[in-house]
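Below is one structure, written out as structure tokens, with a few remarks after it.
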Amino acid sequence: MIRLTIEISILIIVGLAYYFADYIKKYCKEIYLVASVISLMSIIHAIYILNGYSISYVPVLKQFMRAIDSGALGGAFFILVMYMGVLDMKYPISKRLRMNRGELSIIACIFTIPHNIHYFFAFLLNSKTIIQMSGIPLWTNLMMFSAGVFAIGIMLPLFVTSFRLIRKKMTGKKWKSLQEFAYIFYAMVFVQVLMVYISRPSSLIRNLNLIFYCLVFVTYTIFKLKILIDKRYMSKKSNLAVK
Ligand code: HEM
């Protein structure tokens, strides 16, 4: 079932990240703890679903748990963290949002783990049926799974090294070069989501979500490339000035 969960999640998360920026910085450990408890609840929920049980929640909690399980909540946090890398720091809103980039990426990972566990095992349990498929459904499923697993493989080391305690044990250069893998992670998330939506039957909501994700990732790539080109131009210019 596809809804506009990602768009609503992003709006709520950007609002919370902006208005509670100081509290997020001050109480980050408590927030990690609460997010981990909710995430654990969602993992237990996923285990029940994988075993054929169905769980019902009261309305708002139902949407919230659904947002975690579908990957939309984690994805919304990651999109915000990703865009922080291209925000123009001359605006106070950008500065305020960016002050918790590390903390928000940790929360993103915590909320993505239940989604990973659910769909990774769901795929393995249905692998026989998937292998029997042919044509586009087989390829979209295989690409979705490979891109998702690749993304998990990159996310886990980035997650662990985001904690200040671990980060302090690494040299700045090593930490920075590990962070570069985030670009491959974003690309893998895009491929995974693209495959999910392409494989669904066309509908207004499905098409809106597909357009939304394409706009988000393509626009980000354009901004990032522009920043890289500008940086190269500036360093060439300063090299010429020195000569
Ligand atoms: C770090 C890894 C991953 C991230 C960040 C991620 C992120 C996402 C996001 C953002 C969505 C779209 C949610 C929406 O628009 O409502 C999604 C959907 C989905 N992902 Fe992942 N994903 C990851 C790994 C995986 C893996 C390993 C699988 C295994 C096959 C997977 C299978 C799915 C499926 C089946 C959906 C559709 C869910 C639904 O509509 O209920 N994902 N994922």
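Not measured: the values here are computed from a predicted model. Order of listing sets the numbers, starting from 1, for every ligand and every atom in it. When reading the values below, keep in mind they use all heavy atoms of this one structure, side chains included, and skip hydrogens, waters and symmetry mates.
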Closer than 4.0 Å to some heavy atom of Val149 - which atoms of ligand 1 meet that?
27 (C)
Is any side-chain heavy atom of Tyr27 closer than 4.5 Å to one of Phe20?
no
Going by the atom numbers of ligand 1, which of them fall below 4.0 Å from some non-hydrogen atom of Thr112?
1 (C), 4 (C), 5 (C)
Numbering as shown, the atoms of ligand 1 that approach Val189 to under 4.0 Å (heavy-atom distance)
5 (C)
So, do Asp69 and Arg66 sit near enough that their side-chain heavy atoms are less than 4.5 Å apart?
yes
Near Phe185 (heavy-atom distance under 4.0 Å), the atoms of ligand 1 are 1 (C)
Is Arg3 touching ligand 1 with its side chain, its backbone, both, or neither, if touching means heavy atoms under 4.0 Å apart?
neither
Among Ser70, Ala108, Ser9, Gly75, which residue places a heavy atom closest to atom 11 (C) of ligand 1?
Ser70
Taking 4.0 Å as the limit for heavy-atom contacts, which would you say applies to Phe150 with ligand 1: side chain only, backbone only, both, or neither?
neither
Would you say CG of Leu228 has more than 12 non-hydrogen atoms from neighbouring residues, nucleotides or ligands within 6.0 angstrom?
yes
Ionic contact status for Asp22 with Lys25, cut-off 4.0 Å:
no
Indicate yes or no: at least one non-hydrogen side-chain atom of Phe64 is less than 4.5 angstrom from one of Ile38.
yes
Answer yes or no: is there an ion pair linking Lys26 with Glu103, defined by an N-O contact shorter than 4.0 Å?
no
Can you list the atoms of ligand 1 that are under 4.0 Å from a heavy atom of Tyr197?
14 (C), 15 (O), 16 (O)
Contacting atoms of ligand 1, where contact means under 4.0 angstrom from a heavy atom of Met155:
1 (C)
Is it true that the side chains of Asn207 and Ser202 contain a donor and an acceptor less than 3.5 Å apart?
yes
Within-4.5 Å side-chain heavy-atom neighbours: Phe78 and Met155:
yes
Applying a heavy-atom cut-off of 4.0 Å, say which part of Asp69 lies close to ligand 1: side chain, backbone, both or neither.
neither
Return yes when at least one N/O/S atom of Tyr119 is nearer than 2.8 Å to atom 21 (Fe) of ligand 1, and no when none is.
no
Classify the contact between His115 and ligand 1 as side chain, backbone, both or neither, using a heavy-atom distance cut-off of under 4.0 Å.
side chain
Polar proximity ligand 1 side, Tyr213 side, N/O cut 3.5 Å exclusive:
yes
I'd like to know whether ligand 1 has Val193 as a neighbour, heavy-atom separation below 4.0 Å.
yes
At less than 4.0 angstrom from any non-hydrogen atom of Met144, what atoms of ligand 1 do you find?
30 (C), 35 (C)
Does some non-hydrogen atom of Arg200 fall short of 4.0 Å from ligand 1?
yes
For a 4.5 angstrom cut-off between non-hydrogen side-chain atoms, does Met195 reach Thr140?
yes
Taking the side chain as C-beta and beyond, is there a heavy-atom pair between Leu61 and Met65 under 4.5 Å?
yes
Mind checking whether Arg66 has a heavy atom under 4.0 Å from ligand 1?
yes
Report yes if some heavy atom in the side chain of Val81 is under 4.5 Å from a heavy atom in the side chain of Tyr186; otherwise report no.
yes
